[in-house]
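Structure, as structure tokens:
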There are 2 protein chains.
Amino acid sequence: MSANPANRVSSGERINITSEPGRLEQELSRRGKRLTRQRRTLLRIIDTAPRHLNVEVLLRLARRADPRLNRVTVYRTLDLLKREGLVDELDLLHLRGHQHYYETRGPRDHIHVACFGCGKVREVESELFDRLKQQIEGDCDMQITVARMEIGGYCSRCRRPGL
Amino acid sequence: MSANPANRVSSGERINITSEPGRLEQELSRRGKRLTRQRRTLLRIIDTAPRHLNVEVLLRLARRADPRLNRVTVYRTLDLLKREGLVDELDLLHLRGHQHYYETRGPRDHIHVACFGCGKVREVESELFDRLKQQIEGDCDMQITVARMEIGGYCSRCRRPGL
DNA sequence: ATAGATGCAAATATTTTGCCGCCAG
DNA sequence: CTGGCGGCAAAATATTTGCATCTAT
């Protein structure tokens, strides 16, 4: 099936190399956005913290540094980053409720593969995925700004009993 | 890019051939689920109505036939259909708010391509997409039950000015 | 100086739950 | 008959808005 090694997916347990500390701050500054104390705090966390942050966790982490920081500011900052194309918003197939998850956007999109059994989420890159996007870009004459692929199922350890 | 014709995407303006009226009702019945009046109403609508229904629209359509039908019943029925793998849940990249959209699940998954400018959503099938899923299934040893791919961007008529 | 950001409270939107009476099988 | 289902009200969760105040530039 994946006879060609170039087609093989690459495992997702990598470090987020795209987010050397300060990247988001630099980007926003470059685009003429104001860097408030609250934004710096949030950007630093998003740049360095675990992937798949949700609003709840982001707020909790931010308040360690700045206890007055408001939840609304979290929402507004995430909106800004979304509009600027600096973070992606995911729902991870509603694995846990209807909240959203956010992650910094790197040079290469990846696929999220989630197990409904154990809840583990793997990130996967694939040459086929990149080609598929190109194909759609061409055939639909679209200028793609967001590409999201989320796969749900059961991993080998959680294989559904009755299937 | 898509030199191989087999790789070309197929346009999405097709009829939903997978939902000949009664299909959902048959499926649920076959699985030993009760067919109440409310469920029949909802199933009929989902089987035949426009794609990308949200709860609001589904409820409104349902109440034409059964004015007492409750919103909670809509949620519970959609949950059932999701659990049974008969409908897919989408958010279409939050094109319009954070609501979800539902569509009957056919034999072949498709990609949703949405334009942030005009809001149009195209459905696209692709041989590459099928191969990508197979690849992940194999390489991650996953038993895939849901595969969602959503693309956002700007179509030729809405091309973003400053990009 | 001033456009734009934050905090707070309240509003809105979306989804879930508890409970009781009802109905499909 | 009876266990699953639907309606209603209320709760829980998630996100947005109005407005006065503050601050980065």
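Sequence lines set the chain letters: A, B, ... in the order given, protein chains first and strands last, and positions in each chain run from 1. Bear in mind that the values here come from a model prediction, so they are computed numbers and not experimental data.
- The CZ-C1' distance, from B/Arg37 to D/dG4, rounds to 16 Å in whole Å.
- Side-chain atoms of B/Gln38 and B/Thr77 include no donor-acceptor pair closer than 3.5 Å.
- In terms of modelled atom types and a separation under 3.5 Å, the side chain of B/Arg148 and the main chain of B/Glu89 share a donor-acceptor contact.
- Rounded to an integer number of Å, the gap from A/Asp66 CG to D/dT23 P is 12 Å.
- Per the geometry, CD belonging to A/Gln38 stands 9 Å off P belonging to D/dT23, to the nearest Å.
- Ring planes of A/His52 and A/Tyr101: perpendicular class, angle over 60° (limits at 30 and 60°).
- A/Arg34 contributes a side-chain N or O that forms a donor-acceptor pair with the base of C/dA3 under 3.5 Å.
- Contact between the side-chain N/O atoms of B/Arg40 and the OP1/OP2 oxygens of C/dA24 is not found at any separation under 4.0 Å.
- Taking only side-chain nitrogens and oxygens, B/Thr36 never comes nearer than 4.0 Å to OP1 or OP2 of D/dC5.
- Using a cut-off of 4.0 Å between Lys/Arg side-chain N and Asp/Glu carboxylate O, B/Arg131 and B/Glu127 are scored as salt-bridged.
- As a whole-Å value, the separation of B/His94 NE2 from D/dT16 C1' is 14 Å.
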Inset, instruction - List the protein contact pattern of nucleotides 12-22 of chain C with one symbol per nucleotide (5' to 3'): B for base contact, S for sugar-phosphate-only contact, - for none; contact means a heavy-atom distance under 4.0 Å. - result: --SBBBB----
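- Contact between the side-chain N/O atoms of A/Asn70 and the OP1/OP2 oxygens of C/dT6 is not found at any separation under 4.0 Å.
- In this structure, the separation between CD on A/Glu84 and CG on A/Asp79 is 11.5 Å, given to the nearest 0.5 Å.
- Sorted by first and then second residue, the salt bridge (Lys or Arg N to Asp or Glu O under 4.0 Å) pairs involving residues 55-64 of chain A (not counting sequence neighbours) are A/Glu56-A/Arg71.
- Regarding A/Leu59, its CG atom lies at a distance of 13 Å from the P atom of D/dT15, rounded to whole Å.
- Nucleotide D/dG4 holds its C1' atom 12 Å from the CZ atom of B/Arg83, rounded to whole Å.
- Rounded to whole Å, atom C1' of C/dA5 lies 15 Å from atom CG of A/Leu78.
- At a cut-off of 3.5 angstrom, the base of C/dG7 holds no donor-acceptor pair with the side chain of A/Arg68.
- In this model, no donor atom of one side chain and acceptor atom of the other lie less than 3.5 Å apart for A/His94 and A/Glu150.
- If you measure from atom CG of B/Leu43 to atom C1' of C/dA24, you get 15 Å, rounded to the nearest angstrom.
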